[in-house]
Amino acid sequence: MTTIATEVSMAGRTYPPRAAVVSWIFFDWAAQPYFTLITTFVFAPYFATSIAPNPATGQSLWGFAMAAAGMAIALLSPVLGAIADASGRRKPWIAVFGALLVIGSSTMWIGKPGDQAIIPLLLSALALASVGAEFATVFNNAMMPTLVPPERIGRLSGTGWATGYIGGIVSLVIVLGFLAANPETGRTLLGFQPLFGLDPVSHQGDRITGPLTALWFVVFVTPLFLFTPDYPAKRPVREALREGLSELKQSLAGLPKQKSLAAFLLANMIYTDGLVSLFAFGGIYAAGTFGWHTIQIGTFGIMLAIAGTFGAWLGGKLDDSLGPKRVIAGSMLILLLSLAAILMVDKNSVLFVKVAPPVPGGPLFSGAAERAYLVLGCLIGAAGGPLQAASRTMLIRLAPKDRIAQYFGLFALTGKVTSFVGPLLIGLITAATASQKAGMAVLVVFFVAGLGLLMRVKD
């Protein structure tokens with residue numbers, strides 16, 4: 001197997017060939033359907049509206065499962081990152097956690113409508129897949145600094161996110177156009193009968209997103225293992241465990257002295273929690289507010305993904321020219337304003353002004369409030385990609401280069417250590433008030449606090 005040592009000389013500033021970089025970028029393409037199809041636009045709303053007793057209960061249960069996964073990721077990510085730095089290798093970790101993603105995603109197929117007895121197993125599979133996806137991403141991110149020169153890191157990160165969004169678009173088109181049909185008409189968004197004889201009444205088109213996500217990941221992550229060079233092995237896992245934990249302890253002890261890095265990690269902890277919660281519950285919120293089903297939510301997801309593709313691509317270019325801090329701050333402002341506006345959109349009103357309701361049996365998004373939600377959602381999609389892409393380039397600029405996986409583990413820690421708070425608060429407030437809007441309103445606080453902390457970071 002090719003290693004970094006044979007193809008990369010940091011002193012001579014030589015880097016792997018283009019095929020290695022493209023194969024690394026395709027990890028985002030491989031992993032994105034999990035977030036697009038399962039946790040956001042297809043399976044999550046299906047779970048809330050068709051498996052759970054009602055949308056509010058479904059939203060709260062989904063939030064509790066995501067919170068449990070977030071706690072596990074928060075506790076283990078810096079430890080695993082430190083071990084990976086000490087042992088050297090990245091690909092074996094990606095393979096192990098990718099397998100968890102595949103197993104957990106495939107289990108979604110068993111989620112039949114109205115079968116509340118299956119809910120505990122489904123939520124356990126969701127947590128398992130989330131842990132796998134997040135940890136695989138940690139080790140994939142840690143490969144970035146040796147792939148391109150420092151002045152092109154922002155563009156590499158943005159291109160990866162944009163490619164992931166395109167993968168999300170393609171997977172959504174496949175599901176909506178050929179697999180998931182309206183139970184009333186028996187036809188997909190493109191007017192076809194579902195492929196493979198998938199039954200619309202039992203929502204097999206929604207449930208197939210799990211196995212499709214698993215197969216997609218296996219196929220498109222393979223080039224990473226074939227063509228992207230790994231770090232050379234340094235020491236056995238047991239020895240790496242001792243050394244990695246020792247180095248992690250030193251890094252945590254010295255973190256208060258690195259004021260900008262500490263402030264950035266704290267800011268990332270807060271605004272990432274808000275962003276992940278916003279994406280995770282956006283489809284569920286729309287399903288409850290407008291009565292949208294798979295076709296409407298999936299179409300909405302395609303539009304968001306298109307906006308996110310352009311946003312991530314443009315954000316990568318702005319990252320290299322303006323610096324990641326400005327990109328992060330601008331993205332958060334857009335997210336904050338868009339979220340505040342969404343909370344003032346209801347089925348029959350926009351910004352407290354009454355509008356015509358959707359036309360019964362009319363075309364998609366016939367209501368003015370629905371169209372307003374689409375516009376605001378696209379703004380969120382366009383800002384979310386640059387925020388995440390610029391955040392990982394910001395870490396690369398601030399972190400010690402010889403402990404990059406460890407600091408990406410800390411990066412994941414700060415992105416997950418309180419990641420249960422957002423879903424948990426949404427779940428608790430939604431359950432207490434029986435109002436999805438009240439649950440979503442708490443996310444405003446996350447973006448305001450994150451933006452305030454970011455101002456203390458020196459780029």
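Along the sequence shown, the residues carry numbers beginning at 1.
Sorted by first and then second residue, the pairs that involve residues 168-187 and meet ring-ring contact (aromatic ring centres under 6.0 Å, His included), not counting sequence neighbours, are Phe178-Phe192. Pairs of residues two or more places apart, or lying in two chains, that qualify as side-chain hydrogen bond (donor to acceptor under 3.5 Å, both in side chains) and include a residue from residues 152-162 are Ser157-Arg392. Residue pairs satisfying the side-chain hydrogen bond (donor to acceptor under 3.5 Å, both in side chains) criterion with at least one member in residues 123-132, sequence neighbours excluded, are listed as follows: Tyr34-Ser130.
Among all heavy-atom pairs drawn from Leu123 and Leu61, the shortest one is CD1-O, 3.9 Å. In this structure, Gly167 and Trp216 approach most closely via the heavy-atom pair O-CZ2, 3.7 Å. Taking each heavy atom of Ser338 and Ile380 in turn, the nearest pair found is CB-CG1, 3.6 Å. Considering all non-hydrogen atoms of both residues, Gly315 and Val327 come closest at O-CG2, 4.1 Å. Residues Leu147 and Pro16 approach most closely at O-CD, 3.9 Å, considering heavy atoms. The minimum heavy-atom distance linking Ile51 with Asp115 is given by the pair CG2-O, 3.9 Å.
No donor-acceptor pair closer than 3.5 Å links the side chain of Lys112 to the backbone N or O of Ile118. In terms of modelled atom types and a separation under 3.5 Å, the side chain of Asp230 and the main chain of Lys91 share a donor-acceptor contact. Judged purely by atom type and a 3.5 angstrom limit, Ser277 has no side-chain atom pairing as donor or acceptor with the backbone of Gly274. Side chain of Gln204 to backbone of Asp199: a donor-acceptor contact under 3.5 angstrom is found.
Thr213 pairs by the side-chain hydrogen bond (donor to acceptor under 3.5 Å, both in side chains) definition with nothing, not counting sequence neighbours. By the ring-ring contact (aromatic ring centres under 6.0 Å, His included) test, Phe64 pairs with no residue at all, sequence neighbours left out. When the ring-ring contact (aromatic ring centres under 6.0 Å, His included) test is applied to Trp24, no partner is found at least two apart in sequence or on another chain. Under the side-chain hydrogen bond (donor to acceptor under 3.5 Å, both in side chains) criterion, Thr209 pairs with no residue, sequence neighbours left out. Listed by chain and number, the residues in a side-chain hydrogen bond (donor to acceptor under 3.5 Å, both in side chains) with Ser391 are Tyr271 (sequence neighbours excluded). Ala382 is linked by a side chain to side chain contact (heavy atoms under 4.5 Å, CB included) to Ala307, counting only residues two or more places apart in sequence or in another chain. Qualifying side-chain hydrogen bond (donor to acceptor under 3.5 Å, both in side chains) partners for Thr430, counting only residues two or more places apart in sequence or in other chains: Gln59. Residues forming a salt bridge (charged side-chain N to carboxylate O under 4.0 Å, His left out) with Arg207 (at least two apart in sequence, or on another chain): none.
Residues Leu224 and Asn140 meet the side-chain proximity criterion, which asks for heavy atoms closer than 4.5 Å. Side-chain contact between Tyr165 and Asp28: absent, with no pair of heavy atoms (C-beta onward) separated by less than 4.5 Å. Within the 4.5 Å cutoff, side-chain heavy atoms of Phe447 are placed close to those of Leu278.
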Considering only distance and modelled atom types, tabulate donor-acceptor pairs under 3.5 Å from the side chains of residues 96-111, sequence neighbours left out.
from, atom 1, to, atom 2, distance (Å)
Ser105, OG, Leu101, O, 2.8
Ser106, OG, Val102, O, 2.8
Thr107, OG1, Ile103, O, 2.9

